[in-house]
Amino acid sequence: MPINFFAEEVSFSLKEKRKRKVWLKKLAEAEKHKITELNYVFCSDEYLLNINVEYLDHDTYTDIITFDNSEDEGIIEGDIFISIERVKENSETLKVEEEKELSRVISHGLFHLLGYKDKTKEEASLMRSKEEFAINLFQEL
């Protein structure tokens, strides 16, 4: 399966990689998409900040940045960068388990590649419901 997990500038190893791959494939298939290449890079705040500044001209910390590399409709190709430090901080702030917050952010990136946005209140609400669906699906697998 063409889903890869990497770590940059952090000591991090994703748990249940095989289950995560099955889960992501199911989420894409539910939206009638196929994943041909999807790379998750778990990194430090500073690593992600540098990407944010260099590629998006945003000088702010964030938990996730998604780059869509697909050229064909229904095909998922992309790179998703996730700050492990932001995930940990978000889980504390939101008072949720770290693994649940990690699932939320992982699925959030995929949903962006599937075309979902989160700029408006309505878009953000739909994104949250998609994330909840994804978290529940992962827990059921």
Side-chain angles (χ1 to χ4, degrees), residues 1-10 12-141:
M1 201 178 306
I3 301 171
N4 304 295
F5 304 106
F6 304 98
E8 289 289 338
E9 295 186 2
V10 289
F12 177 78
S13 181
L14 183 66
K15 297 174 188 162
E16 301 181 288
K17 286 180 187 169
R18 189 175 311 259
K19 181 178 173 182
R20 292 273 181 199
K21 290 179 181 185
V22 169
W23 172 62
L24 291 164
K25 184 180 176 198
K26 285 182 180 290
L27 290 173
E29 287 173 350
E31 298 281 336
K32 305 209 179 339
H33 281 68
K34 180 182 179 187
I35 298 172
T36 59
E37 184 178 7
L38 183 56
N39 298 306
Y40 282 89
V41 180
F42 301 100
C43 57
S44 67
D45 267 349
E46 291 304 316
Y47 188 92
L48 198 54
L49 176 63
N50 289 335
I51 290 172
N52 213 5
V53 169
E54 184 175 342
Y55 294 98
L56 303 176
D57 204 24
H58 298 154
D59 192 8
T60 57
Y61 289 102
T62 186
D63 55 353
I64 185 169
I65 296 177
T66 304
F67 292 101
D68 187 349
N69 304 323
S70 61
E71 296 178 5
D72 299 319
E73 192 70 29
I75 299 295
I76 297 294
E77 288 182 12
D79 298 306
I80 299 172
F81 295 83
I82 297 174
S83 166
I84 292 303
E85 292 166 270
R86 289 293 106 218
V87 169
K88 288 178 182 178
E89 187 173 295
N90 289 348
S91 72
E92 291 170 10
T93 302
L94 300 170
K95 295 179 179 20
V96 298
E97 294 175 18
E98 199 172 302
E99 284 298 313
K100 184 175 181 179
E101 178 62 8
L102 184 61
S103 291
R104 185 191 69 75
V105 177
I106 289 171
S107 67
H108 184 92
L110 177 62
F111 288 127
H112 274 309
L113 293 175
L114 289 166
Y116 292 94
K117 309 282 186 229
D118 57 0
K119 295 291 183 206
T120 69
K121 190 175 184 178
E122 293 81 15
E123 290 171 343
S125 178
L126 178 57
M127 180 68 87
R128 293 293 96 69
S129 69
K130 289 289 184 181
E131 291 166 358
E132 284 302 314
F133 169 80
I135 290 166
N136 290 334
L137 178 62
F138 183 73
Q139 291 171 342
E140 291 171 7
L141 291 179

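Numbers for residues simply follow the sequence, beginning at 1.
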### Message
Just verifying a value: how many Å separate Asp59 CG and Glu54 CD, rounded to the nearest 0.5 Å?
### Response
13.0 Å
### Message
Could you report the tightest heavy-atom contact between Glu98 and Val87, atom names first, then the distance?
### Response
O-CG1, 4.2 Å
#### Entry: Contact summary for Tyr61 and Arg86, nearest pair of heavy atoms
CB-NE, 4.3 Å
## Note on the structure
Heavy-atom nearest pair, Ile76 first then Leu38, reads CG2-CD1, 4.5 Å
### Task
Can you measure from OG (Ser44) to CZ (Phe12) and round to the nearest 0.5 angstrom?
13.0 Å
### Query
Quick check: does any side chain N or O of Lys21 sit under 3.5 Å from a backbone N or O of Ile3, one acting as donor and the other as acceptor?
yes
### NZ/Lys88: more than 12 non-hydrogen atoms of other groups inside 6.0 Å
no
### Query
Are side-chain heavy atoms of Asp79 and Val41 found at a separation under 4.5 Å?
no
### Query
What is the distance from atom CG of Asn90 to atom NZ of Lys95, rounded to the nearest 0.5 Å?
12.5 Å
### Message
Within this structure, what is the CD-NZ distance for the pair Glu73 and Lys32, rounded to the nearest 0.5 Å?
### Response
13.5 Å
### Query
Can you check whether Leu48's main-chain N or O pairs, donor with acceptor, with Asn52's side chain at less than 3.5 Å?
no
### Task
Any chance you could measure Thr66, atom OG1, to Tyr40, atom OH, to the nearest 0.5 Å?
7.5 Å
#### Entry: Distance-minimising heavy-atom pair for Tyr116 and Glu31
OH-OE1, 2.8 Å
### Task
Check for a donor-acceptor pair, side chain of Ser103 on one end and backbone N or O of Glu99 on the other, with a separation under 3.5 Å.
yes
### Query
Do other residues, nucleotides or ligands put more than 12 heavy atoms under 6.0 Å from Asn136 CG?
yes
### Query
Do Thr36 and Glu77 meet the criterion of a side-chain donor-acceptor pair at a distance under 3.5 Å?
yes
#### Entry: Which atom of Ser107 lies closest to which atom of Leu27, heavy atoms considered
CB-CD1, 4.3 Å
### Task
Indicate yes or no: does Glu101 engage Arg104 in a salt bridge with an N to O separation below 4.0 Å.
yes
### Message
If you define the side chain from C-beta out and look only at heavy atoms, does anything of Phe138 sit under 4.5 Å from Ile106?
### Response
no
#### Entry: Pairing of Glu29 and Lys26 as salt bridge, 4.0 angstrom limit
no
### Query
With a 4.5 Å limit on heavy-atom distance, are the side chains of Arg20 and Phe5 in contact?
yes
### Query
Heavy atoms, side chains only, cut-off 4.5 Å: are Leu14 and Leu102 in contact?
yes
### Query
With under 30° as parallel and over 60° as perpendicular, where do the rings of Phe67 and Tyr55 fit, or are they tilted in between?
perpendicular
### Task
Can you measure from NZ (Lys34) to OG (Ser70) and round to the nearest 0.5 angstrom?
13.5 Å
### Task
Please name all residues satisfying ring pair (Phe, Tyr, Trp, His ring centres under 6.0 Å) with His108, sequence neighbours left out, ordered by chain then number.
His112
### Query
Do you know which two heavy atoms are closest between Asn39 and Asn4, and how far apart they sit?
OD1-ND2, 2.9 Å
